[in-house]
Amino acid sequence: MIPAHELRKYDIFLELEPNELALLAKVADMVHASEGETIIKEGQPARTFYVMDQGNLMVAFKDGRALTLHGHGEVVGWSAIIHPTHYAGDVICLTDCSFISFPGRELLRLIQSNVPMGTRIMRMVSERVANRIPFLAEAVTRRLKREK
């Protein structure tokens with residue numbers, strides 16, 4: 001568990017009420033990973049959602065695509081709360097990193113049990129993921145061309 005006021009430091013949680021932050025804080029933990037450590041493995045069941053506190057990481061896909069994410073507020077492991085519930089790529093720390101981690105089941109339970117809070121969280125996650133869409137759309141287009 002981390003203090004609820006600590007969650008206020010992350011844009012993804014800015015719209016939440018103090019009581020909602022308190023609910024999230026009960027299931028959140030601060031975790032650290034070392035440079036070179038793989039925190040998410042492609043194809044594995046998605047059990048943890050992460051919000052980056054600090055560091056740099058790479059999301060790597062089997063087809064050779066890669067995306068780097070830098071620092072505070074980035075999210076990875078969103079498959080833990082959005083189907084499919086398997087991770088879509090490897091997440092490798094390029095530097096020492098720290099994250100707020102949420103057990104996917106617990107976070108999803110909170111999202112589903114409090115619709116206003118869940119809507120705000122999902123909107124903020126969607127905004128972050130949407131920033132990656134041009135990269136992902138290009139990869140899908142290439143894959144479709146290869147399959148023809």
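- By the side-chain hydrogen bond (donor to acceptor under 3.5 Å, both in side chains) test, R123 is found to be paired with E15, residues two or more places apart in sequence or in another chain being considered.
- Annotation: salt bridge (charged side-chain N to carboxylate O under 4.0 Å, His left out) contacts involving residues 25-34, sequence neighbours excluded, are absent.
- Side-chain heavy-atom separations under 4.5 angstrom define the hydrophobic clusters, and M1 shares its cluster with no other residue.
- Residues S34 and C93 approach most closely at O-CB, 3.5 Å, considering heavy atoms.
- Here the closest heavy-atom approach between residue M30 and residue I100 is recorded as CE-CG1, 4.0 Å.
- With rounding to the nearest 0.5 Å, the separation of CG in D11 from NE2 in H72 is 6.5 Å.
- Of the inter-residue distances, the one linking S101 atom OG with I2 atom CD1 reads 9.0 Å to the nearest 0.5 angstrom.
- Clustering ILVMFWY residues whenever any of their side-chain heavy atoms sit less than 4.5 angstrom apart, transitively, puts Y87 in a cluster other than the one holding I92.
- Rounding to the nearest 0.5 Å places CG of L69 at 11.5 Å from CZ of R128.
- Separation of atoms CD1 (I40) and OG (S79) is listed at 8.0 Å; rounding is to 0.5 Å.
- The two atoms that bring I82 and M122 nearest to each other are CG1-CE, 3.6 Å, heavy atoms only.
- Minimum interatomic distance between R8 and L21 (heavy atoms only, all atoms of both residues): NH2-CD1, 3.1 Å.
- Note that CG of L16 is 5.0 Å distant from CD1 of I121, once rounded to the nearest 0.5 Å.
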Anything under 3.5 Å between a donor and an acceptor, one on a side chain of residues 103-115, the other on a protein residue two or more places apart or in another chain? List them.
from: E106; atom 1: OE1; to: R109; atom 2: NE; distance (Å): 3.3
from: E106; atom 1: OE1; to: R109; atom 2: NH2; distance (Å): 2.9
from: S113; atom 1: OG; to: R109; atom 2: O; distance (Å): 3.0
from: S113; atom 1: OG; to: L110; atom 2: O; distance (Å): 3.3
from: N114; atom 1: OD1; to: M117; atom 2: N; distance (Å): 3.1

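- Partners of F13 under the ring-ring contact (aromatic ring centres under 6.0 Å, His included) rule, at least two apart in sequence or in another chain, are F102.
- A donor-acceptor contact shorter than 3.5 Å is absent between the side chain of E6 and the backbone of P3.
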Side-chain donor-acceptor pairs of residues 42-62 under 3.5 Å, sequence neighbours excluded:
from: E42; atom 1: OE1; to: K62; atom 2: N; distance (Å): 3.3
from: D53; atom 1: OD1; to: Y10; atom 2: OH; distance (Å): 2.6
from: D53; atom 1: OD2; to: S98; atom 2: OG; distance (Å): 3.0
from: N56; atom 1: OD1; to: H70; atom 2: ND1; distance (Å): 2.8

